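Worksheet: the structure to be examined is printed underneath.
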Protein chains: 2
Amino acid sequence: MKSQGIKITPQRLAIAEVLVNSTDHPSVQQIHERVKDHFPSLTLNTIYSTINVLVKRGLIQELPFDQYSRYESNLNPHLNLVCTVCGEIKDSHQAESLVRDLLVEVKDTQNFEIAWQRMDLYGECIKCMPKAN
Amino acid sequence: MKSQGIKITPQRLAIAEVLVNSTDHPSVQQIHERVKDHFPSLTLNTIYSTINVLVKRGLIQELPFDQYSRYESNLNPHLNLVCTVCGEIKDSHQAESLVRDLLVEVKDTQNFEIAWQRMDLYGECIKCMPKAN
DNA sequence: AAATCATTTGATAACATATATCATTAAGGA
DNA sequence: TCCTTAATGATATATGTTATCAAATGATTT
């Protein structure tokens, strides 16, 4: 999988596993928390370094936010649903065909070659909505 | 215009003018450069403070990027075309109807209340494309 | 399997964007 | 014009991220 030029180490495997198995777009801090049980010596430095390699090779996507970046391994065009109350981020695959239509239209009509995209919808998720009675 | 609760000062007016009249999504540093001719004493501190007020009132949008944030006053749903070569960011109004369709579909089918959105397309703008002969 | 080479790891330090504090100054309503 | 409240700007602080570099580890060759 990452045998395309990236040296494999146990640390890197652990970091990559967290990224692949997480759907909540973890931050560097969160990755660290999920890895340090198995690698108590693993520092943030190593996570930053590994993530930079993965981002540069296009294997994961970085999503810069207000305070810090979050990361995801889902590279298919999709929408990120970002709850501004609880901070949770979930992928939406609902409108995928419309997303594709959008990208095709831009490709055809704009003088712009799309390499990748980031589409965030900010608002309130169902869990944070005031309950109606 | 901003007489909805925000104290007006010459510095704030100058900053707001830059934001309204710029289409290139300026950073704090860029805003400073464009303002300090008329306000040599105006510091980055004031720009950060003013921008925070405007963002909190929903009058401008913050776009966090890798290194630093950029800002725009266009609050209508649209696509940002971000050139990864020259760094230029331009709004695309081409696919606006498709963007609206997308938002409507999510509103109807997802359990998510959209407040605002950010849609970035990353790639190469026409000026940075290798010329074909 | 051992040795070599290159790269990663992790500790420390450095950077940069952004924020906090606070005295002085200015805005805006009475 | 006075007065209250808030903004400005100087300084210091916080925090996410990157740079440096010796020691350790992974991959490759002999």
Side-chain angles (χ1 to χ4, degrees), chain A residues 1-19 24-57 59-72 82 87 89 118, chain B residues 1-19 25-57 59-72 82 87 89:
Chain A
M1 180 173 179
K2 276 180 283 28
S3 309
Q4 287 94 324
I6 300 178
K7 186 178 282 190
I8 302 298
T9 67
Q11 294 92 329
R12 287 184 166 180
L13 277 180
I15 294 168
E17 268 176 32
V18 168
L19 284 165
D24 61 343
H25 307 66
S27 65
V28 165
Q29 298 282 350
Q30 288 174 317
I31 295 170
H32 187 228
E33 284 164 15
R34 295 171 198 184
V35 164
K36 72 179 171 196
D37 290 340
H38 293 267
F39 282 92
S41 71
L42 203 158
T43 64
L44 290 179
N45 200 326
T46 301
I47 298 174
Y48 277 112
S49 145
T50 300
I51 275 178
N52 281 342
V53 172
L54 297 177
V55 169
K56 269 176 196 145
R57 299 296 168 92
L59 297 174
I60 63 171
Q61 187 171 15
E62 178 179 6
L63 300 176
F65 281 96
D66 199 15
Q67 310 282 339
Y68 44 79
S69 286
R70 299 175 70 161
Y71 301 87
E72 73 171 332
V82 185
I89 304 177
R118 168 185 184 175
Chain B
M1 180 176 179
K2 274 180 286 25
S3 309
Q4 287 94 328
I6 300 178
K7 188 179 280 187
I8 303 298
T9 68
Q11 293 92 331
R12 286 184 167 179
L13 277 180
I15 294 168
E17 267 176 33
V18 168
L19 284 165
H25 306 68
S27 65
V28 165
Q29 299 282 350
Q30 288 172 317
I31 295 170
H32 188 227
E33 284 163 14
R34 294 172 197 185
V35 164
K36 70 180 176 198
D37 289 342
H38 292 265
F39 282 92
S41 70
L42 202 159
T43 63
L44 289 179
N45 201 327
T46 299
I47 297 174
Y48 277 112
S49 145
T50 299
I51 274 177
N52 281 342
V53 172
L54 297 177
V55 169
K56 268 176 196 143
R57 300 294 170 95
L59 297 175
I60 63 171
Q61 186 171 16
E62 177 179 6
L63 301 175
F65 280 97
D66 200 15
Q67 311 281 338
Y68 45 80
S69 287
R70 300 176 69 161
Y71 301 87
E72 73 171 333
V82 186
I89 304 177

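Keep in mind that this is a model prediction, so the values were computed, not measured. Naming: A, B, ... by sequence-line order, numbering from 1 per chain.
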Report summary line: CD (A/Glu62) and CZ (B/Phe65) are apart, to the nearest 0.5 Å, by 11.5 Å

Query raised in the report: Do B/Lys7 and B/Arg12 come close enough that some side-chain heavy atom pair is under 4.5 Å?
Result: yes

Query raised in the report: Among all residues two or more places apart in sequence or in another chain, which pass the side-chain hydrogen bond (donor to acceptor under 3.5 Å, both in side chains) test with A/His32?
Result: none

Report summary line: Sorted by chain and number, sequence neighbours left out, side chain to side chain contact (heavy atoms under 4.5 Å, CB included) with A/Asp24 holds for A/Ser22, A/Pro26, A/Arg34

Query raised in the report: At how many degrees, to 10°, do the end axes of the helix from C/dA1-D/dT30 to C/dA30-D/dT1 meet when each uses five pairs?
Result: 40°

Under 3.5 Å between N/O atoms: give me all the protein pairs with nucleotides 23-27 of chain C, atom names plus distance.
from, atom 1, to, atom 2, distance (Å)
C/dA27, O3', B/Ile8, O, 3.0

Report task. Evaluate the side-chain proximity of A/Leu19 to A/Tyr71: yes if any heavy-atom separation is below 4.5 Å, no if none is. Result -> yes

**Report entry** Under-4.0 Å side-chain N/O to phosphate OP1/OP2 contact, A/Arg12 with C/dT9
**Finding:** yes

Query - Short side-chain to backbone donor-acceptor contact, B/Gln30 and B/Ser27, under 3.5 Å - result: yes

Query raised in the report: With a 4.5 Å limit on heavy-atom distance, are the side chains of B/Leu59 and B/Ile6 in contact?
Result: yes

Query - DNA chain D contacts made by residues 31-45 of chain B, counting heavy atoms under 4.0 Å - result: B/Ser41, B/Leu42, B/Thr43, B/Asn45

Report task. Work out which heavy atom in A/Pro64 is nearest to a heavy atom in A/Ser69; give both atom names and the distance. Result -> CA-OG, 3.4 Å

Protein N or O to nucleotides 16-18 of chain C N or O, pairs below 3.5 Å:
from, atom 1, to, atom 2, distance (Å)
C/dA18, OP1, B/Ser69, N, 3.1
C/dA18, OP2, B/Tyr48, OH, 2.7

Report summary line: Footprint ends on DNA chain D, 5' to 3', for atoms under 4.0 angstrom from a heavy atom of chain B, come out as D/dT5 to D/dT11

Query raised in the report: By salt bridge (charged side-chain N to carboxylate O under 4.0 Å, His left out), which residues pair with B/Arg70, not counting sequence neighbours?
Result: none

Query raised in the report: Who are the side chain to side chain contact (heavy atoms under 4.5 Å, CB included) partners of A/Glu33, not counting sequence neighbours?
Result: A/Lys36

**Report entry** Set of residues satisfying side chain to side chain contact (heavy atoms under 4.5 Å, CB included) with respect to B/Gln67, sequence neighbours excluded
**Finding:** none

Report summary line: A/Leu63 and A/His25 have their tightest heavy-atom pair at CD1-CD2, 3.8 Å

Query raised in the report: Within a strict 4.5 Å, meaning less than it, do heavy atoms of the A/Ile60 and A/Glu72 side chains meet?
Result: no

When the side chains of residues 38-56 of chain B are checked against the rest of the protein, which donor-acceptor pairs come out under 3.5 Å, sequence neighbours left out?
from, atom 1, to, atom 2, distance (Å)
B/Thr43, OG1, B/Asn45, N, 3.4
B/Thr50, OG1, B/Thr46, O, 2.9
B/Asn52, ND2, B/Tyr48, O, 3.4

Requested in this report: Please name all residues satisfying side-chain hydrogen bond (donor to acceptor under 3.5 Å, both in side chains) with A/Gln61, sequence neighbours left out, ordered by chain then number.
Outcome: none

